[in-house]
There are 2 protein chains.
Amino acid sequence: MPLTPRTSDLKATGLIGTLRCCQLFSGLSAEDLAVIAGFIVVQKLAKDEYLFHEGDPSRGCYLVQSGAVNVHRVSAAGKEQVIHVFRSGESFAEAALASPTGYPANARAVEASTVLVIPKAPILELIGRRPDLAMRMLGSMSGHLRVLVGMLDDLTLKDVETRLLNWLVKHAPAGPTGKIHLAGTKRVLAAELGTSSETLSRTLGRLRDQHLITVSGKIITVHNLPAIQSLLRRNLGEHENP
Amino acid sequence: MPLTPRTSDLKATGLIGTLRCCQLFSGLSAEDLAVIAGFIVVQKLAKDEYLFHEGDPSRGCYLVQSGAVNVHRVSAAGKEQVIHVFRSGESFAEAALASPTGYPANARAVEASTVLVIPKAPILELIGRRPDLAMRMLGSMSGHLRVLVGMLDDLTLKDVETRLLNWLVKHAPAGPTGKIHLAGTKRVLAAELGTSSETLSRTLGRLRDQHLITVSGKIITVHNLPAIQSLLRRNLGEHENP
DNA sequence: GGCCAGCCTTGACCCACGTCAAGTTCCGGG
DNA sequence: CCCGGAACTTGACGTGGGTCAAGGCTGGCC
């Protein structure tokens with residue numbers, strides 16, 4: 001169609017760029033990427049808007065283009081357990097493609113975000129024709145399994161201080177000292193660590209008293225990364241039998 | 001080869017029966033099943049023998065033919081967190097097929113068991129040629145993801161009593177009263193529920209005092225399933241806002 | 001500038017659960 | 001039949017961390 005050729009070209013170019021960058025599709029042929037770009041739906045989410053709820057029938061899977069999406073469950077008691085926060089370039093809900101039941105969790109935008117919706121039917125059809133794409137899906141789900149397994153030991157084998165230290169080490173920029181800018185409120189971080197804001201506050205306080213970090217508003221300054229890493233290692237091993 | 005034709009026929013027949021019964025392969029053509037049976041390796045495990053350890057390079061994935069296999073992680077402190085106990089007909093470690101890294105957990109036989117080892121290379125090759133098999137693998141991994149997500153709320157959103165009630169409901173035979181025969185020792189059940197044997201003992205005791213169950217050796221008799229279900233529901237909802 | 005509303009912090013309190021320790025019961029072997 | 005050990009039970013105790021409640025702090029808004 002000669003109508004709006006530039007617009008759709010631009011759209012396709014931007015999409016294909018995003019697709020090429022994400023782990024799920026990188027390495028596919030330009031032709032396949034174009035096919036995928038053809039049936040993708042772009043969806044914008046406001047902060048705190050839900051992408052789907054637990055039990056919703058599945059539309060397909062998702063790829064974060066910008067922003068961040070919090071995938072979580074809520075208990076009968078109304079408490080929210082964060083499973084993972086997916087950021088730009090990451091894909092999620094692949095599991096929903098292969099299973100007839102609805103989504104097993106909820107997804108909500110942490111901030112204003114853009115996600116690419118990959119509809120179920122056409123991607124399944126393409127997977128059927130492209131074995132290497134099937135492999136990638138398997139690989140991606142296997143990665144998610146590992147993340148969940150990691151969460152399991154986080155939740156069962158470590159206390160809050162250890163989880164926080166681990167989070168700090170993962171998020172601190174390189175170099176002995178560095179600043180971490182909190183994306184959301186501290187309550188959100190507490191939820192991500194599976195604790196309450198009060199306990200997080202106390203734990204941060206304890207690290208501050210040991211001069212390992214300073215906290216000011218949404219900025220956490222790491223003063224002594226090696227000391228933090230060694231404290232983390234000590235915590236992980238402290239109950240060891242001699 | 002004319003040698004031992006009956007033996008290998010018998011082996012193949014038994015294998016194909018097992019394959020046909022398991023969720024992963026049921027519905028595949030007899031021809032494909034024969035191919036799979038051709039490269040499967042049968043492995044017997046003594047009680048407490050390890051099938052693989054965390055970090056081992058992956059041989060392939062597994063199908064339990066008889067017995068039970070405990071997949072778990074161990075923390076730096078030496079504590080063991082059970083991820084799942086797989087029993088006859090269930091498959092696991094599919095994730096290892098698609099990812100170049102080693103196994104992310106350990107697997108050990110709870111009792112004397114027989115597992116079918118499905119080697120990596122030939123099954124991957126077959127998946128490449130049989131899109132519906134790829135779908136099944138995706139479905140199976142999606143199921144494992146759901147199990148893990150379920151474990152997550154078990155561990156974070158419920159106390160031990162609630163987890164035990166949930167376990168009882170899942171394992172009790174139909175009808176208002178029924179007997180559950182414990183497969184392993186009570187310490188094993190405690191580990192499966194993510195607690196210590198002492199706490200399990202106390203919790204069972206409390207339920208006994210309420211005349212909901214009786215415990216005698218390895219037999220748990222459920223006297224009042226509806227009451228247990230209603231107690232479970234009450235526990236799940238007790239912190240609800242009105 | 002003053003005010004209100006969220007956040008964050010701190011203290012007090014409580015409870016579930018893990019751990020240690022001291023019995024019991026139940027086997028399997030000599 | 002007795003003994004030793006494993007599994008189980010029960011009690012006592014400590015503690016991490018969740019919850020409630022009461023301030024400080026900050027920032028938007030009139």
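These values consider heavy atoms only, across backbone and side chains, with no hydrogens, waters or symmetry-generated copies.
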Check nucleotides 14-17 of chain C against the protein and report each pair of N or O atoms closer than 3.5 Å, with its distance, or say if there are none.
| residue | atom | partner | partner atom | Å |
| --- | --- | --- | --- | --- |
| dC17(C) | OP1 | Val160(B) | N | 2.8 |

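At a threshold of 4.0 angstrom between heavy atoms, the contacts of Arg202(A) include nucleobase atoms, whether or not backbone atoms are also involved. In this structure, Gly194(B) reaches the sugar-phosphate backbone alone: every heavy-atom distance under 4.0 Å involves primed, P, OP1 or OP2 atoms, never a base.
Taking OG from Ser142(B) and CD from Glu94(A), the interatomic distance works out to 10.5 Å, rounded to the nearest 0.5 Å.
Side chain to side chain, Thr203(A) and Glu161(A) fail the donor-acceptor criterion of an N or O pair below 3.5 Å. Arg59(B) and Gln43(B) share a side-chain donor-acceptor pair at under 3.5 Å. A donor and an acceptor atom, one from each side chain of Ser66(A) and Thr114(A), are located under 3.5 Å apart. Under the 3.5 Å distance criterion, with hydrogens and angles disregarded, a donor-acceptor pair is assigned to the side chains of Arg146(B) and Thr101(A).
Taking atom CD1 on Ile219(A) and atom P on dT26(D), their separation rounds to 15 Å, with Å as the unit. For the pair Arg208(B) CZ and dT9(D) C1', the interatomic distance rounds to 9 Å; values are reported in whole Å. The separation between Lys218(A) atom NZ and dC25(D) atom P is 18 Å, rounded to whole Å. Look at NZ on Lys47(B): it is 13 Å from P on dA6(D), rounded to the nearest Å. Protein atom CG of Leu200(B) is 14 Å distant from nucleotide atom P of dT19(C), rounded to whole Å. One can place CD of Glu198(A) at 18 Å from P of dG16(D), the figure rounded to the nearest angstrom.
The aromatic ring centres of Phe52(A) and Tyr62(A) sit less than 6.0 Å apart.
At the phosphate of dC8(C), OP1 or OP2 sits under 4.0 Å from a side-chain N or O atom of Thr185(A). Between Lys186(B) and dT9(D), a side-chain N or O to OP1/OP2 separation shorter than 4.0 Å is present.
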